[in-house]
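Working notes for the structure below.
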Amino acid sequence: METLTQRTINLAPGCRCHTPPPPPQARHQLLFFRRGRLSWSHHTTLPQAHLTAVARRTSRDHDATKHAFKSILVGLPKPCGGEYGKFFSLPALNDPRIDRLPYSIRILLEAAIRHCDNFQVTESDVEKIIDWENTSPKQAEIPFKPARCILMDNTGVPAVVDLAAMRDMMPKLGCDPYKINPLIPVDAVIDHAVRVDVARSCDALDRNQELEFDRNKERFAFLKWASTAFHNMQVFPPGSGTVHQVNLEYLARVVFNEDGIMYFDSVVGTDSHTTMANCLGVAGWGVGGIEAVVAMLGQPMGMVLPGVVGFKLTGRLRDGVTTTDLVLTMTQLLRKHGAIGKFVEFYGVGVGELSLPARATIANMSPEYGATMGFFPVDQVTLEYLKLTGRSDETVSMIEAYLRANKMFVEHHEPETDRVYSSYLELDLSEVEPCVAGPKRPHDLVPLKEMKSDWHSCLDNKVGFKGYAVPKEEQGKVVKFDFHGRPAEIKHGSVVLAAICSSTNTSNPSVMIGAGLLAKKASELGLEVKPWIKTSLTPGSVVTSEYLKHSGLQESLNQQGFHLAAHGCATCVGNSGDLDECVSAAITENDIVAAAVLSANRNFEGRVNPLTRANYLASPPLVVAYALAGTVDIDFDKEPIGVSKGGKEVFLRDIWPSDEEVEQVIKSSVQTQMFRQVYESIMKRNPRWNELPVPEAALYPWDPNSTYIRKPTYFNGMSMSPPGPPTVKEAYCLLNLGDSITTDHISYSGKIPDGTPAARYLRECGVDPKNFSSYGGRRGNNEIVMRGAFANMRIVNKLLDGQAGPWTIHVPTGEKLYVFDAAMKYKSEGHDMVIIAGAEYGSGSSRDSAAKGPMLLGVKSVIAKSFERIHRSNLVGMGVIPLCFKAGEDADSLGLTGRERYTIGLPTNIAEIRPGQDVTVTTDNGKSFTCTLRLDTQLELAYFNHGGILPYIVRNLAEQAK
């Protein structure tokens, strides 16, 4: 329970405040949103008018007498009398097309029916979804309102900063600031701040948490303030776990039952792996922070009705093959098949052979295989998991009854119904082999038996996604060094970092127990991980720690250096911490291609650690195995992993646990009471958070001297009139980029190095270099966001003739400058800027800072071969024009060097622009080419006309208030 002792609000003179602010003496308590309900304590003393207005804003009441689909609003009876509530019955529509719809599309249909007011959502929208089989290929646009929203701190802080700034803006437009308030449940989990500064130590967890809090106290105070200043917002303290695992184990409702109305759970989140909830039959995906704000404020999200890939699973995994092996195999298959912008829906008897945590791993990696969702309909396995994780029997019975009544419950042993998909894939689970993925992309699959030969090919190949161009004579080089008094050595392929991390795998007891058993067997034989390898364990749930401790396997992991270091993302998002200085020196001074092995979902170059140029994704047991081997240059079938204390060679097969061994430990150690006890106390577990003081004001008291939380400037000078489409004339190219530029390249999350533009700014603000922290941690300050744009040391800009790093060429002078400095120079000279890129621009994390940063630099347009779904949407949201080269064309084929000046022939009257139209781009040297405008919907055109999503929402809400 959080206490707000005084809520104050300062209104501009003449402001028409439709909701009276509470008097200074008002004291009330706001009960946290638990399982979907917001309630007030009995001693609330706010004015009744204020409470009535709040109730109006948060109410989910449906007026059945006015609803367009009132005829299908029916009661759901309980087995023993009475009813659970009322629901909009899809079968009651008596439309045979609905039976052919994929389950995932039916969730969109129910949401459209429930929200149908013939204003924001119309009966025509409902018809488009029912007729999905015909409308989806035509790229039909529909509105979607999710049931709730989740945030993680790195992207959540900027979103809440935007909310606070929008609330500030409303009085200046003569309107009620309380109009800026979430209308759906919002849960923020602080999981991206923790870094593995301390590893291989029994006190690593506490020391890392202490350092995390010292570095991020201001950010944490801001989020704690938000949880009291905004209704419907709950913040989970640092150390609670990752947002996805907390969502899976606790927050996900599967079915809402709110104010007597039942409906499907759906969620958007400011992390691309929000898809993990798809394993529970929850429709959800990642969005940028600005789109999350749209959802929070009850506005419809415009989306193109997606195609659905039907992925049929048969058979079952062989003994010794993990879910990680399966999901990496699927990632490669789906990338080849083509799933970008689509839903993937899994079906077939093989689905019934997968545990719920196994499905969670597959759903989690939807962004890696390019899909918007990786959806598993609810079955008996889902219900058993809900019970295991502490949901009550009554709740689970209600969920099952609702799903069966709406024909959304699946029995895998029954004959398949005649559902239709846009395309089809099939996989026999028994054919999946052990594998890893890397060294630079998650969809570059490497069968384990081919790893050694693949590694040598990577050393030989030219620099690229599968190459390092190491000369033959250099490939066998061995570097010897002193590691704190012990002789040590590394070579190309030596593992210097091994991390069991990420909710992708740490949510799955089978692979976590498997890692513990492998460590135990290795210790019993006398094998041990070399001390200069940085090893760590950062599970996404406190429950994982509980069952590892209960089983005794945490002690075995400790013996191999995998001490518990955090409950959060850590290494998965690049917060791996520094390597030991002597290891770092051995790598950098000898140009060693060092390796990291981690149980994460992404391994883009420069993401995991600046010094590990080769990064492989693997199951937790394989992470331990590669740490023991000390190298990725090994064939586990033919070469020993080590030598036992008796002098006998030990192979991986000698210590790999059987499925039966793993299952026995799971049955005895993973218990329902663990979930209940952890989540009953989750809000009180962090004493540092409990003692953190926060401002008691409805309007945030911005500190102009803060370097963490700064009021954004993009509302400055805003009026009620939209500015209209911008012009782009004779723009210079800020960067000329190739394929697969990720949001890690565009908006780096890692440590801020001294000497960079961000570091210069912090020094000017009086910040000591030891407190620079990370780009990700400072995204609540747009001064850092724009200085962090393209700050990744591994980004390759063609203007620099292949040199990697955060620089570019200022074309008029030929100067080599930091990207930020070049952009500021262009702006001071009055020049527009564009970016040229290849395919899959903006892949990776959903962070909207990757759109905010370029916008703040002054970039007007990005011209690319293709865009990742979320990033394209983020660019639109920030008013940056996304253009796509025509099929078969790119900058190279058109002879563009990036040294030209570009003019984009887009009308200045929004009425003359249509979604997806052709746009002519001309250059100052006489070239001309046609691009496709990637403003995909009419709603996106409206955003564009207003200069972005946020100004559009502020103006709309202000207009409604008047």
Side-chain angles (χ1 to χ4, degrees), residues 328 434-442 444-481 483 487-499 527-535 560-561 571 576 579-580 582-600 603-619 621-643 650-652 794:
L328 294 178
C435 57
V436 297
K440 301 181 185 182
R441 297 188 301 185
D444 289 332
L445 187 76
V446 186
L448 199 60
K449 62 186 178 184
E450 299 174 16
M451 180 60 179
K452 187 179 181 73
S453 60
D454 188 83
W455 172 248
H456 284 275
S457 295
C458 288
L459 292 178
D460 290 334
N461 294 343
K462 66 179 182 179
V463 174
F465 295 121
K466 294 287 289 185
Y468 297 99
V470 177
K472 283 283 188 184
E473 62 273 16
E474 293 287 323
Q475 292 181 13
K477 176 173 61 177
V478 177
V479 176
K480 297 183 181 295
F481 62 98
F483 182 78
E489 64 179 45
I490 59 171
K491 58 181 181 177
H492 296 301
S494 287
V495 174
V496 296
L497 192 155
L527 305 184
E528 61 180 27
V529 175
K530 296 177 178 65
W532 55 85
I533 298 175
K534 185 170 187 177
T535 46
Q560 297 299 341
T571 301
S576 56
L579 300 178
D580 190 278
C582 60
V583 177
S584 299
I587 294 170
T588 55
E589 292 171 9
N590 297 279
D591 197 23
I592 292 294
V593 183
V597 184
L598 62 160
S599 64
N603 55 340
F604 304 128
E605 192 172 18
R607 176 185 175 94
V608 177
N609 187 285
L611 298 182
T612 58
R613 289 157 62 189
N615 302 280
Y616 286 93
L617 305 182
S619 66
L622 277 179
V623 171
V624 178
Y626 274 110
L628 288 162
T631 180
V632 297
D633 186 7
I634 184 173
D635 182 337
F636 281 127
D637 284 341
K638 299 176 182 178
E639 298 176 75
I641 198 170
V643 179
V650 178
F651 289 81
L652 179 59
R794 297 296 178 189

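No donor-acceptor pair under 3.5 Å is formed between the side chain of Glu450 and the backbone N or O of Val446.
Using a 4.5 Å heavy-atom threshold, the side chains of Ile490 and Asn590 count as separate. Contact check for Leu448 versus Leu622: side-chain heavy atoms found under the 4.5 Å cut-off. Between Pro439 and Asn603, the closest side-chain pair of non-hydrogen atoms is not below 4.5 Å. Between Ile533 and Val496 there is no side-chain heavy-atom pair separated by less than 4.5 Å. Considering only heavy atoms from C-beta on, Met451 comes within 4.5 Å of Tyr626 through its side chain. The shortest side-chain heavy-atom distance between Gln475 and Asp460 falls under the 4.5 Å cut-off. Inter-residue side-chain proximity for Ser453 and His456 is flagged as unmet; no heavy-atom pair is nearer than 4.5 Å. The shortest distance between side-chain heavy atoms of Arg794 and Arg607 does not fall below 4.5 Å.
Pairing each heavy atom of Ser576 with each of Asn609, the nearest pair is OG-ND2, 3.1 Å. Annotation for Ala586 and Phe481: closest pair CB-CD2, 3.8 Å, computed over non-hydrogen atoms. The heavy-atom pair separating Leu328 from Pro442 by the smallest distance is CD2-O, 4.1 Å. The nearest pair of heavy atoms linking Leu527 to Gln560 is O-NE2, 2.8 Å. Contact between Phe483 and Pro531 at its shortest, heavy atoms only, is CZ-O, 3.5 Å. Nearest heavy atoms, Ala627 versus Ala498: CB-CB, 3.8 Å.
Note that CG of Asp637 and NZ of Lys449 are 8.5 Å apart. Values are rounded to the nearest 0.5 Å. Atom-to-atom distance recorded for Glu489:CD and Lys477:NZ is 13.5 Å, nearest 0.5 angstrom. Rounded to the nearest 0.5 Å, atoms SG (Cys435) and CG (Leu617) are 10.0 Å apart. Note that CG of Leu652 is 9.0 Å distant from CG of Leu628, once rounded to the nearest 0.5 Å. Expressed to the nearest 0.5 Å, how far CG of Leu459 lies from CD of Glu474 amounts to 11.5 Å. Considering CD of Glu605 and NZ of Lys440, their distance stands at 4.0 Å, rounded to 0.5 Å.
By the side-chain hydrogen bond (donor to acceptor under 3.5 Å, both in side chains) test, Lys462 pairs with no residue at all, sequence neighbours left out. For Pro487, there are no side chain to side chain contact (heavy atoms under 4.5 Å, CB included) partners at least two apart in sequence or on another chain.
Ring pair Trp455/Tyr468 is tilted by interplanar angle, where 30° to 60° counts as tilted.
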Criterion side chain to side chain contact (heavy atoms under 4.5 Å, CB included) on Val632 and Val436, from CA distance to verdict: CA-CA 10 Å; Val632 297; Val436 297; over 6 Å; no
Side chain to side chain contact (heavy atoms under 4.5 Å, CB included) evaluation trace for Val479 with Lys491: CA-CA 6 Å; Val479 176; Lys491 58 181 181 177; over 6 Å; no
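The pair Asp633-Lys452 meets the salt-bridge criterion, since a charged nitrogen lies less than 4.0 angstrom from a carboxylate oxygen.
Heavy-atom contacts from other residues, nucleotides or ligands closer than 6.0 Å to NZ of Lys466 number more than 12.
Between Leu497 and the choices Leu611, Val583, Thr571, Thr535, the side-chain contact (heavy atoms from CB on, under 4.5 Å) rule is met once, by Thr571.
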